[in-house]
Protein chains: 2
Amino acid sequence: MDMEQAKIPQATAKRLPLYYRFLNNLHSQGKLRVSSKELSEAVKVDSATIRRDFSYFGALGKKGYGYNVEYLLSFFRKTLDQDETTRVALIGVGNLGTAFLNYNFTKNNNTKIEIAFDANQERVGTEVGGVRVEHIDQLEEKIGDLSVAILTVPASAAQGITDRLVEAGVSGILNFTPARINVPSHIRVHHIDLAIELQALVYFLKHYPLNEPETEEDQ
Amino acid sequence: MDMEQAKIPQATAKRLPLYYRFLNNLHSQGKLRVSSKELSEAVKVDSATIRRDFSYFGALGKKGYGYNVEYLLSFFRKTLDQDETTRVALIGVGNLGTAFLNYNFTKNNNTKIEIAFDANQERVGTEVGGVRVEHIDQLEEKIGDLSVAILTVPASAAQGITDRLVEAGVSGILNFTPARINVPSHIRVHHIDLAIELQALVYFLKHYPLNEPETEEDQ
DNA sequence: TTAAGTATGTGAAAACTTTAACGACTTCTG
DNA sequence: CAGAAGTCGTTAAAGTTTTCACATACTTAA
Ligand SMILES: NC(=O)c1ccc[n+]([C@@H]2O[C@H](COP(=O)([O-])OP(=O)(O)OC[C@H]3O[C@@H](n4cnc5c(N)ncnc54)[C@H](O)[C@@H]3O)[C@@H](O)[C@H]2O)c1
Ligand SMILES: NC(=O)c1ccc[n+]([C@@H]2O[C@H](COP(=O)([O-])OP(=O)(O)OC[C@H]3O[C@@H](n4cnc5c(N)ncnc54)[C@H](O)[C@@H]3O)[C@@H](O)[C@H]2O)c1
């Protein structure tokens with residue numbers, strides 16, 4: 001548990017993977033250096049915010065020059081522990097679960113779904129996206145030492161499965177169900193609530209009008 | 001454009017759909033009233049925050065009593081424009097797009113995907129989750145007056161499709177691609193970046209340890 | 001060498017968000 | 001009906017995040 005760096009603001013921490021991805025892009029394009037201004041345009045985060053974010057880790061750049069892409073990339077690779085693959089479990093191989101299993105998170109992320117569980121006998125024993133689907137009854141036996149789970153079961157099953165995941169040693173859950181699950185205080189749950197995101201977008205559109213309605217040519 | 005209510009904090013606005021959903025649940029359960037404390041336990045938002053959020057809309061509750069579920073529900077139904085169905089388009093009927101098409105957002109949300117587009121001829125003409133899939137070449141002709149789009153195409157296609165959506169009159173985009181798209185300033189884009197959410201969860205687990213490692217019985 | 005140009009890192013301010021605390025009023029109980 | 005209990009709405013404080021603005025230091029090119 002790397003504690004030497006503990007008070008990076010949460011808002012900053014959430015942006016790190018985004019920076020990392022775009023640095024990877026720049027690197028693949030052969031770019032050797034980048035300024036906070038350029039990065040700002042790419043990731044759509046204010047350049048002062050980017051400089052501030054980076055500064056929490058020390059002086060990563062050089063005045064008058066910007067940041068060395070290779071150096072920054074390798075710094076973030078370490079910071080984000082991208083040298084070791086993070087292995088996760090997925091529970092609920094339905095519509096959403098299947099989509100995730102078919103997606104290669106390892107691409108620029110070094111995270112891999114290792115095993116999946118479902119209650120539906122027809123799914124059990126098959127492979128989806130190269131991942132074996134086990135029966136949910138075998139959760140405790142087969143989950144091994146995985147500490148992160150993606151939850152894509154029906155809302156009604158969410159709390160029960162969560163309790164079992166916690167008991168089985170999982171410490172982080174990415175919850176896609178609409179249920180707000182109860183967990184002991186040492187377990188971290190992140191909610192991704194797609195229906196709410198959609199509804200919020202619609203609300204903002206109606207109630208938070210942006211600038212100019214239109215003027216023929218923009219952007 | 002309902003302007004009478006314009007300075008509700010964004011953080012509050014984002015929680016409204018969550019409140020609305022849980023009020024619906026309570027209502028189905030036949031509950032007549034609810035306190036900010038009960039609601040707090042259900043949605044996992046501090047009760048003071050809930051009271052503060054509600055207070056932006058006036059005095060919705062009664063001291064010593066709490067909130068009347070039916071009243072609150074109908075208030076939020078109006079506030080969130082849930083009386084009219086919001087119709088949206090989906091672009092990219094792949095793994096993720098298919099999952100969304102098979103999901104019934106209308107359940108407690110009154111949002112409906114009306115039409116889908118894809119570049120793959122084999123998909124065009126089929127129905128997925130009851131939604132007709134059209135060819136992307138027909139986007140401009142068939143999108144009609146829809147003003148919200150869900151973007152689930154490959155990242156490489158994201159900017160091109162976005163430009164066409166904007167030109168076709170769409171004003172809100174829910175972007176699931178890892179691309180950070182450019183839009184004129186009057187267009188609203190919300191990003192849902194699943195790979196980043198997963199990576200951020202992993203980062204938080206490693207670097208932001210929560211309380212007690214464990215003590216046998218919790219929660 | 002020097003001058004012009006560039007871009008960082010950060011102090012300070014501003015903006016936004018959450019949380020604590022409590023007076024005021026309502027409901028409940030006996 | 002009176003006192004106890006409950007709960008809101010809000011003032012004020014604390015905490016978090018973003019943004020401004022600039023001294024400083026490096027780069028570039030002549
Ligand atoms: N599909 C979407 O677009 C979408 C959108 C928003 C929210 N969600 C939420 O995501 C979750 C999954 O959605 P979905 O569309 O994939 O649903 P789904 O019904 O397609 O898939 C659920 C899967 O979980 C399995 N399952 C059921 N009970 C189980 C249990 N006890 N243990 C293990 N597996 C079990 C089912 O067999 C099924 O394969 C739901 O909670 C849903 O509300 C989905
Ligand atoms: N599946 C996941 O779990 C997941 C996770 C994170 C991010 N994403 C992102 O979501 C997006 C979609 O992912 P996916 O897994 O569904 O991909 P996918 O390849 O399964 O689906 C993409 C679909 O878009 C269609 N398409 C391609 N070009 C098009 C165009 N110009 N116009 C219209 N349609 C076009 C393809 O025919 C295909 O059906 C991608 O950008 C991906 O990076 C997906």
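Chain A is the first sequence line, chain B the second, and so forth, proteins listed ahead of strands; every chain is numbered from 1. A quick note: this is a predicted structure, and the numbers were derived from the prediction, not measured.
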Under-3.5 Å N/O pairs linking protein and nucleotides 4-6 of chain D:
residue : atom : partner : partner atom : Å
D:dG6   : N2   : B:Gly64 : N            : 3.1

Indicate the atoms forming the closest heavy-atom contact of A:Ile143 with A:Phe117, along with that distance.
N-CZ, 4.1 Å

Grab the two heavy atoms, one from B:Val153 and one from B:Ile91, that are nearest each other, plus how far apart they are.
CG1-O, 3.4 Å

Would you mind reporting whether A:Ile192 and B:Ile192 have side-chain heavy atoms less than 4.5 Å apart?
yes

Send over the distance from B:Lys14 NZ to D:dT17 P, rounded to a whole Å.
12 Å

Separation of D:dT16 P from A:Lys7 NZ (nearest whole Å)
14 Å

Rounded to the Å, how far apart are A:Leu72 CG and C:dG9 C1'?
14 Å

Can you tell me if A:Tyr19 and A:Asp53 form a side-chain donor-acceptor pair at under 3.5 Å?
yes

Separation of C:dA7 C1' from A:Lys62 NZ (nearest whole Å):
13 Å

Distance in angstrom units between A:Leu60 CG and C:dG9 P, rounded:
7 Å

Base, sugar-phosphate or nothing for A:Phe54? Non-hydrogen atoms, less than 4.0 Å.
nothing

A:Glu38 has an atom CD; how far is it from atom C1' of C:dT6, in whole Å?
12 Å

Considering only nitrogen or oxygen atoms on both sides, find all protein atoms under 3.5 Å from nucleotides 17-22 of chain C and state each distance.
residue : atom : partner : partner atom : Å
C:dT18  : OP1  : B:Arg15 : NH1          : 3.1
C:dT18  : OP2  : B:Arg15 : NH1          : 3.1
C:dT18  : OP2  : B:Arg15 : NH2          : 2.8
C:dT19  : O4   : B:Arg52 : NH2          : 3.1
C:dA21  : N6   : B:Arg51 : NH2          : 3.3

Looking at every heavy atom in both B:Arg33 and B:Tyr65, which two are closest together, and how far apart are they?
NH1-O, 2.7 Å

Nearest to side-chain heavy atoms of A:Ser55, which nucleotide of C:dG9, D:dC8, C:dA7
C:dG9

Give a yes/no answer on whether the side chain of A:Ser36 brings an N or O atom under 4.0 Å of OP1 or OP2 in C:dT8.
yes

Would you indicate whether B:Lys37, at its atom NZ, is surrounded by more than 12 heavy atoms from other residues, nucleotides or ligands within a distance under 6.0 Å?
no

Please confirm whether the ring centroid of A:Phe75 lies under 6.0 Å from the ring centroid of A:Tyr20.
no

Side-chain H-bond candidate by donor/acceptor type, B:Gln159 with B:Asp163, under 3.5 Å:
yes

Can you find a side chain N or O atom of B:Lys37 that sits less than 4.0 Å from OP1 or OP2 on D:dT7?
no

Quickly work out the B:Ile50 CD1 to D:dT7 P distance and round it to whole Å.
13 Å

With a 4.0 Å cut-off, would you call A:Glu70 and A:Lys31 a salt bridge?
no

